[in-house]
Amino acid sequence: MALSNWAAYLNRSTKLLRDSSIKILRMEGADGPSRAPLTLFRLNSKQVIEQFATGCDADIGGSSTVHFELDESPERNKGSGSTATGRFGGEMRLDVRPELQGRIRGGYAGFRSKPRPTLFGEMVDDVSNHQFLALRLRLGGDPRLRNSYFVNLQTDGPITTDLWQHRLYFQRNDGGWEDIFIPFENFILTNTGELVQHQIVMMRERIRTVGISLLGGNSGVSGSYDLGIDSIRAVNEEDVTRPPSIEKNPSRGI
């Protein structure tokens with residue numbers, strides 16, 4: 001394990017132990033659950049960006065590209081409330097290598113948070129006291145791709161290929177920042193890109209990873225894409241500042 005990874009591992013372990021101790025000392029839960037907003041990720045530093053992994057169809061023979069980096073552009077970050085944010089971008093392409101045509105489908109890219117192992121087990125997030133996932137985002141790139149973004153949650157369940165998914169519905173079309181609120185109860189369970197027939201209740205006590213995917217192949221749309229990400233939080237109705245997004249026609253994921 002590299003020195004930087006070992007330091008991060010120890011930091012996570014220390015944080016988990018400290019947070020657990022604080023909960024015990026404060027007897028959290030005795031006075032009812034907290035409704036305060038819970039920040040899962042604030043993508044304002046290189047250290048946080050490094051906590052995410054990326055992938056695209058080029059990994060299996062496609063031709064899309066993907067980049068995920070810290071964006072310190074004052075122009076793009078204007079209105080975000082931060083001087084630096086995460087930037088997810090690249091080229092969405094539908095073609096694949098000739099020898100793979102008809103065998104695989106191109107047209108996807110994504111990023112997700114990496115698993116967080118500690119000395120005391122894997123670190124997960126408990127959002128069971130919150131009703132909504134809140135994302136502060138900036139949509140750029142080819143406007144034809146605006147309806148092809150999905151947010152994905154992975155819980156600490158027995159089936160590692162399960163993903164809870166919901167489409168991202170943007171209201172702005174001027175490249176500005178906006179807050180998107182999605183009820184946790186409206187996420188759809190998928191497995192290896194297919195809708196699971198028998199839907200179950202999300203295990204919100206143990207959120208393992210969170211990410212965003214762009215599925216141009218589902219709608220047959222290609223082009224350049226550019227998405228800014230400032231923060232990902234769990235909130236309640238008193239913190240919702242615009243009507244929440246509701247998936248009316250679930251689409252297949254990746």
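Just so you know, residue 1 is the first one in the sequence shown, and it goes up from there.
- Applying salt bridge (charged side-chain N to carboxylate O under 4.0 Å, His left out) to E178 and the options R146, R136, R242 leaves one that passes, R242.
- To the nearest 0.5 Å, atom CD of residue Q165 and atom CG of residue L195 are 9.0 Å apart.
- Between the H130 side chain and the F184 main chain, no donor and acceptor come within less than 3.5 Å of each other.
- Judged by distance alone, the side chain of D142 and the main-chain N or O of Y225 form no donor-acceptor pair under 3.5 Å.
- Atoms CZ and CZ, on R103 and R97 in that order, are 9.0 Å from each other to the nearest 0.5 Å.
- Under the 4.5 Å side-chain heavy-atom criterion for grouping Ile, Leu, Val, Met, Phe, Trp and Tyr, L133 is not connected to M203 through any hydrophobic cluster.
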Which donor-acceptor pairs under 3.5 Å do the side chains of residues 40-53 make with protein atoms, sequence neighbours left out?
from	atom 1	to	atom 2	distance (Å)
N44	ND2	A84	O	2.7
N44	ND2	D230	OD1	3.1
S45	OG	V48	N	3.3

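- The backbone N or O of D95 sits less than 3.5 Å from a side-chain atom of S63, completing a donor-acceptor pair.
- Between the N218 side chain and the L215 main chain, no donor and acceptor come within less than 3.5 Å of each other.
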Practice task
Please assess F187 against L153 for the test side chain to side chain contact (heavy atoms under 4.5 Å, CB included), listing each intermediate value before the final yes or no.
Solution key: CA-CA 9 Å; F187 275 80; L153 300 176; 3.9 Å; yes

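- For N129 against S34, the heavy-atom pair with the smallest separation is CB-O, 3.7 Å.
- By the rule that hydrophobic residues join a cluster once side-chain heavy atoms approach within less than 4.5 Å of another member, V127 and I229 end up as members of one cluster.
- The minimum heavy-atom distance linking S80 with T85 is given by the pair OG-CG2, 3.9 Å.
- Counting all heavy atoms, side chain and backbone alike, V221 lies closest to L94 at O-CD2, 3.8 Å.
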Handout entry: Trace of the side chain to side chain contact (heavy atoms under 4.5 Å, CB included) decision for R112 with N152
Key = CA-CA 8 Å; R112 66 163 176 81; N152 309 302; over 6 Å; no

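- Atom OG1 of T83 sits about 8.5 Å away from atom CG of L70, to the nearest 0.5 Å.
- Linking ILVMFWY residues whenever their side-chain heavy atoms come closer than 4.5 Å, directly or via other members, leaves I232 and W177 in distinct clusters.
- Atom OG1 of T241 and atom CG of D179 lie 5.0 Å apart (nearest 0.5 Å).
- Between M92 and S222, the shortest heavy-atom contact is O-CB, 3.0 Å.
- A salt bridge is defined here as a Lys NZ or Arg NE, NH1 or NH2 lying under 4.0 Å from an Asp or Glu carboxylate O, and R116 with E122 fails to meet this definition.
- When the side chains of ILVMFWY residues are joined at heavy-atom separations under 4.5 Å, either directly or via intervening members, M202 and F181 end up in two distinct hydrophobic clusters.
- The backbone N or O of N191 lies less than 3.5 Å from no partner atom in the side chain of D162, so there is not a single donor-acceptor pair.
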Practice task
Quick one: do S219 and S148 satisfy side-chain hydrogen bond (donor to acceptor under 3.5 Å, both in side chains)? Show the steps, please.
Solution key: CA-CA 7 Å; S219 51; S148 298; 3.2 Å; yes

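- You'll find the side chain of L137 reaches within 4.5 Å of the side chain of F170, heavy atoms only.
- Closest approach of G217 to R105, counting heavy atoms only: O-NH1, 3.9 Å.
- The two residues Q131 and E237 have their closest heavy-atom pair at OE1-N, 3.2 Å.
- In this structure, CG on L214 lies 10.0 Å from CD1 on I212, to the nearest 0.5 angstrom.
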Handout entry: side chain to side chain contact (heavy atoms under 4.5 Å, CB included) between R87 and R138, intermediate numbers included
Key = CA-CA 9 Å; R87 189 182 186 192; R138 173 192 57 78; 4.1 Å; yes

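- In this structure, S64 contributes its side chain and R93 its backbone to a donor-acceptor pair below 3.5 Å.
- Residues meeting the side chain to side chain donor-acceptor pair (under 3.5 Å) test with T209, sequence neighbours left out: Q154.
- Classification of D126 and R206 as a salt-bridged pair fails, no side-chain N sitting under 4.0 Å from a carboxylate O.
- Checked by atom type and distance alone, the side chain of N236 never pairs as donor or acceptor with a backbone atom of E238 at under 3.5 Å.
- The closest side-chain heavy-atom distance from N186 to F132 is not below 4.5 Å.
- Residues V196 and W164 share a hydrophobic cluster, clusters being chains of Ile/Leu/Val/Met/Phe/Trp/Tyr side chains in contact below 4.5 Å.
- Distance check, rounded to the nearest 0.5 Å: OH of Y149 to CG of L168 gives 9.5 Å.
- The closest donor-acceptor contact from the side chain of T118 to the backbone of G121 lies under 3.5 Å.
- F88 has its side chain within reach of V66: a pair of non-hydrogen atoms, C-beta onward, lies under 4.5 Å apart.
- Formation of a donor-acceptor pair under 3.5 Å by the S113 side chain with backbone atoms of V210 is found in this model.
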Practice task
Please assess V124 against I207 for the test side chain to side chain contact (heavy atoms under 4.5 Å, CB included), listing each intermediate value before the final yes or no.
Solution key: CA-CA 5 Å; V124 295; I207 301 295; 5.8 Å; no

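- Contact check for I180 versus I182: side-chain heavy atoms found under the 4.5 Å cut-off.
- Checking side-chain atoms of T54 against main-chain N and O of F68 turns up no donor-acceptor pair under 3.5 Å.
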